[in-house]
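Only one structure is covered here, and it is reproduced in the block below.
A note on names: the letters A, B, ... follow the listed sequences, proteins ahead of strands, and every chain is numbered from 1. For clarity, every value in this text was computed on a predicted model and none was experimentally measured. Just the heavy atoms: all of them, side chains too, but no hydrogens, waters or symmetry mates, feed the values below.
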2 protein chains.
Amino acid sequence: VAIEHILLLIAIVLVAARIGSEVAHKLKQPPVLGELIAGVIIGPSLLGWVEPDEALMMLAEVGAVLLLFEIGLEHDVTELFKVGRPAMLLTAGAVTIPFLGGLGAALAFGMELLPALFIGGMLTATSIGITARVLTDLGKMNTKEARIIIGAAVMDDVVALMLMAVIMGLVSGEGASAQDVVRHIGLAVLFLVGSILVGNRFAARLLRWLQRLESRGVLNVTAFVFCFLMASGAHLVGLSPIIGAFAAGLVLARTEQVMHVREKIEASADLLILIFFVMLGVSVEIRALNPFGSGNVSMILLGLSLIAVALVAKGVSGFVVFGEDVRRSALGIGMMPRGEVLMTFAAVGLAAEVFDQTLYGFMVLLVLASSLVAPPLLERALKRVSPLEGPPPRPPLQTGWIRPYEEKKPDEMP
Amino acid sequence: VAIEHILLLIAIVLVAARIGSEVAHKLKQPPVLGELIAGVIIGPSLLGWVEPDEALMMLAEVGAVLLLFEIGLEHDVTELFKVGRPAMLLTAGAVTIPFLGGLGAALAFGMELLPALFIGGMLTATSIGITARVLTDLGKMNTKEARIIIGAAVMDDVVALMLMAVIMGLVSGEGASAQDVVRHIGLAVLFLVGSILVGNRFAARLLRWLQRLESRGVLNVTAFVFCFLMASGAHLVGLSPIIGAFAAGLVLARTEQVMHVREKIEASADLLILIFFVMLGVSVEIRALNPFGSGNVSMILLGLSLIAVALVAKGVSGFVVFGEDVRRSALGIGMMPRGEVLMTFAAVGLAAEVFDQTLYGFMVLLVLASSLVAPPLLERALKRVSPLEGPPPRPPLQTGWIRPYEEKKPDEMP
């Protein structure tokens, strides 16, 4: 493809992304949603300006890797051990119930075990960014419920990614014998735990040494190189590259330079992540969602069931948090929003042909549905919950793909 | 190509680039040189780790576009009209003499008119970044000679790019009838002048309006979109995309937000520009420089002649600056360094099959030779030139591809 054509396509994608997130902002929706829908609109289903062609998909895939890198950079693993009992219970519920629900629904519709496991795993995702924004917008960040939700959402990210690491390993491998399962669990745990242990020991020292080199931009280049090498390394041991990028983020998150790394990679990563989100939408074939099309009725029914399962399963997961004086209905609703992590899984699944265009389209609809349904439900559930004393908890830092707006200053909050 | 493979290749290219520029730094050579040679080393001619494959070349081409965008951002066109008579004379000499020299040499070796024109045009390039660094390192920035050289080097960039816009238009078009030449000169002038006039009128207003939108990262995205659209636009009127990117940079250079734009795009642009420089080296086939290979002896002789012509033609161009009390030999030597602009032209020429691997390799050698030869000659020529009163002129601001090192503070200069 000629370079001027690619440049034009990138320009269209970026403009669509900006318009999409502006409109989403006006409608008080998360920007990710606007970018997805912008992609659907410029994609082959509607305007047909942009096709999921090779060059753009390559950039989008690098974007997905960088997205998981950024998510990793936002999580300090040692913080995970500090979340309290209620957040742990909530995580357990919010992972197990959607997983079993999705698995069950897929099997009930006659899917094979491996794709069904993949679908179950996808539904375990939550969107910590969207959740944190909704809680902030409601002025309820400073409640006990919000603290539990944020803690659980952070853990959910890590647990969901480890679960998917295993399932993706199985899917890309030969089969799902007990031996394979054990081997892939072993690999995933070894890779994540190993890289974090080794990383903690050496990453800080390496970064300090590199900073002593005189060249400008060393940190920038080093961060990308580390992320890309870990992504390739993950592939080498049979895991998905995005898991490696996530591990790379977790490792650097523990170094002194994490803020600096984040700042440096933000500008370039955000551009590619924007392209990733728009291309997620471009890949949607609206035709595949048409129930009058030939032979995809059962897939459409499965898709609709999965949306229901995904919302209800997270919604009820709060009730496993027994013995605490909290509004338990709010906890589950807080875990309901889906966004970037679910879509990353869905993109991997579509590329690996775990499922077809129809189910992929319904995953986009799930993101849409969850971000429409969760905020009003959460508002209602938290209506009579009063804030705690003291300052609100600091929500996890977020980069551009989730926080493209000026942050509210604390004194503007109700 | 699988994503993990591309990520690994990018990681290798970036690491090679950093090592190359570190080594160049230790040897007091410009970083561009180290990156070119790093590319040759990891390329198919030597280690064979990286091939000029499609995905990497696409990223490199986007890098070339961003490089010209950054160069454009560094030039304020209104400053061009302020350079004095001696700088104008020097520019005239430093463009005309290498152009005619290269054209003549190519014709003498039996080349067709169009490729010969292209070669002549290539040799008109200079590297303002390398020149400014050499003058700073010698502590001679504050001389009348240095002021003339810097002024002329800025003009040389613009004149060389306009000249090449016309020649590239002719090469990509059908032929070189008088009518074509006039049409392409008209197009090039219209595009550059037109976009700067229209741009000056609307760019500032557009940027201000966009900044009022609340989304974060708007300026970043807008700058890239503008650059990419102008590059596509240039192609539409038959010019090379790099010319459009350069014009986009010139336009934004006149806005209030230029420093802000530069800061925003720097991190992402620098990464892709690094990839561009390394891939320039990866594209070199050392075999093609072997005089005992079959049938390329005349090309090798032409290549060697072009290196000599390129150095001598710039070297003598200072003597056209008549009637000034300056060390005229120093002026020409100051215009001698070649770097990023020459290599961008060479990459375009290779891709358009204007010339072959052999001549392309000699252009890389020309960059090498000029950066070895110019500094000692300049040191000698300026030895007994004493600095002017007052503060030294501010060298044009440069971004990462030419200034990866901590800038010397003024009081450290001799």
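Residues A:L7 and B:L229 are not in side-chain contact: their nearest non-hydrogen atoms beyond the backbone lie 4.5 Å or more apart.
For B:I12, no part lies under 4.5 angstrom from a heavy atom of chain A. For chain B, no part of A:V13 is nearby; none of its heavy atoms comes within less than 4.5 Å. If you measure heavy-atom distances from A:L236 to chain B, you find no contacts under 4.5 Å at all. Interface residue A:L271: only side-chain heavy atoms are found under 4.5 Å from chain B.
Listed by first then second residue, pairs satisfying side chain to side chain donor-acceptor pair (under 3.5 Å) with a partner in residues 235-250 of chain A read A:H235-B:E4, not counting sequence neighbours.
When each of A:L274, A:D270, A:V15 is checked for a side chain to side chain contact (heavy atoms under 4.5 Å, CB included) with B:V221, only A:L274 meets the rule.
Going from atom CD1 of B:I6 over to atom CE of A:M58 covers 4.5 Å, rounded to the nearest 0.5 Å. Distance SG/A:C227 to CD1/B:I10: 10.0 Å, rounded to 0.5 Å.
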